[in-house]
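A, B, ... follow the sequence lines: proteins, then strands. Residue 1 opens every chain. Computed from a predicted structure; not experimentally measured. Side chains included, hydrogens not; waters and symmetry mates left out as well; all remaining heavy atoms used.
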2 protein chains.
Amino acid sequence: MIEVMTTTSAGPDQLDLALAMGAKALAHPMRVRILRLLLARTECVCGGLVDELPLAQATVSQHLKVLKAAGLVRGEVDGPRTRYCADRDAIARLQGLLGALGQ
Amino acid sequence: MIEVMTTTSAGPDQLDLALAMGAKALAHPMRVRILRLLLARTECVCGGLVDELPLAQATVSQHLKVLKAAGLVRGEVDGPRTRYCADRDAIARLQGLLGALGQ
DNA sequence: ATCGTCCATCGTCAATCGACGATGAAGTGT
DNA sequence: ACACTTCATCGTCGATTGACGATGGACGAT
């Protein structure tokens with residue numbers, strides 16, 4: 001029998017993409033921890049984070065890169081060090097995306 | 001100089017773990033799409049989802065398994081088919097975890 | 001100019017993910 | 001018993017992730 005394609009068979013839309021992107025950034029416990037550290041302002045400098053975490057410096061830098069790529073964290077160079085801080089607006093937007101799931 | 005370990009150097013705690021788990025389940029756009037389809041009650045049966053998505057049946061089943069493992073979706077066997085539905089309480093808990101990030 | 005510090009990046013490796021076809025288990029209908 | 005449907009699982013493959021040591025670039029101090 002010939003099957004007629006009645007449905008759109010559509011993939012995820014832009015909002016799904018955005019939520020998935022943000023979720024992916026939070027999909028690792030250590031990144032959640034790092035984001036909470038930044039939100040608590042306990043530490044903003046990469047070296048300080050390395051001291052507080054059981055990870056090598058390169059690994060922390062990688063996680064920060066992921067969080068920054070997702071827009072959840074901003075980083076400004078301050079002399080030889082880099083000062084990171086959580087982007088509360090971006091976090092709020094992500095919360096909004098998740099909250100909008102239930103319409 | 002002898003460095004004294006003053007900080008706890010602690011990894012993520014239980015809440016970080018839980019949030020990361022949920023986020024990981026949503027870390028793929030197609031899973032977000034599927035969860036929204038289930039929330040909208042457009043389709044609850046796996047075959048129906050396959051019809052609405054540009055994915056093979058095995059792939060949809062895999063994504064459903066991930067969502068179910070994360071507790072965001074429940075599935076009950078109904079004769080030869082399986083009826084899936086979104087767990088709104090679990091989703092609300094995840095929203096709460098994300099919302100609690102900003103304290 | 002030469003250190004030493006701080007950080008990003010590179011290269012590598014094992015592990016995991018995402019997608020699929022193929023197979024099989026469980027149920028329904030004849 | 002047999003065929004058919006529906007779905008989960010297996011096995012495979014390429015791609016991505018997460019972790020690390022090593023390297024190098026940028027800056028501050030001597």
Under 4.0 Å protein heavy-atom contacts per nucleotide of nucleotides 3-17 of chain D, with B for base, S for backbone only and - for none: ---BBBB-------S
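The CG atom of A:L67 sits 12 Å away from the P atom of C:dA8 (whole-angstrom rounding). For the pair A:M30 CE and D:dC20 C1', the interatomic distance rounds to 14 Å; values are reported in whole Å. Rounded to an integer number of Å, the gap from A:D78 CG to C:dA8 C1' is 16 Å. Atom CD of B:E76 and atom P of C:dA26 are 19 Å apart (whole Å).
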Atom pairs and distances, donor-acceptor, side-chain atoms in residues 65-77 of chain A, under 3.5 Å, two or more places apart:
residue: A:R74; atom: NE; partner: A:D87; partner atom: OD2; Å: 3.3

Name the atoms and distances for all side-chain donor-acceptor pairs under 3.5 Å in residues 11-29 of chain A, with sequence neighbours left out.
residue: A:D13; atom: OD1; partner: A:L15; partner atom: N; Å: 3.1
residue: A:D13; atom: OD1; partner: A:D16; partner atom: N; Å: 2.9
residue: A:D13; atom: OD2; partner: B:R36; partner atom: NH2; Å: 3.1
residue: A:D16; atom: OD1; partner: B:R36; partner atom: NE; Å: 2.7
residue: A:D16; atom: OD1; partner: B:R36; partner atom: NH2; Å: 3.2
residue: A:D16; atom: OD2; partner: A:D13; partner atom: N; Å: 3.2
residue: A:D16; atom: OD2; partner: B:R36; partner atom: NH2; Å: 2.9
residue: A:H28; atom: ND1; partner: A:M30; partner atom: N; Å: 3.1

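For the ring-ring contact (aromatic ring centres under 6.0 Å, His included) condition, no pair includes a residue of residues 67-97 of chain A, sequence neighbours left out.
Side-chain atoms of B:Q57 do not come within 3.5 Å of backbone N or O of B:V50 as any donor-acceptor pair.
Nearest-nucleotide mapping onto DNA chain D: of A:V77 and A:H63, the residue sitting toward the 5' end is A:H63. In terms of position along DNA chain D, the nucleotide closest to A:A27 lies nearer the 5' end than the nucleotide closest to the other residue of the pair A:A27 and A:G79.
Note that CG of A:L39 and CD1 of A:I34 are 12.0 Å apart. Values are rounded to the nearest 0.5 Å.
In this view, A:R83 and A:D78 satisfy the salt bridge (charged side-chain N to carboxylate O under 4.0 Å, His left out) rule, not counting sequence neighbours.
Side-chain nitrogen and oxygen atoms of B:T59 include at least one within less than 4.0 Å of the OP1 or OP2 phosphate oxygen of C:dC20.
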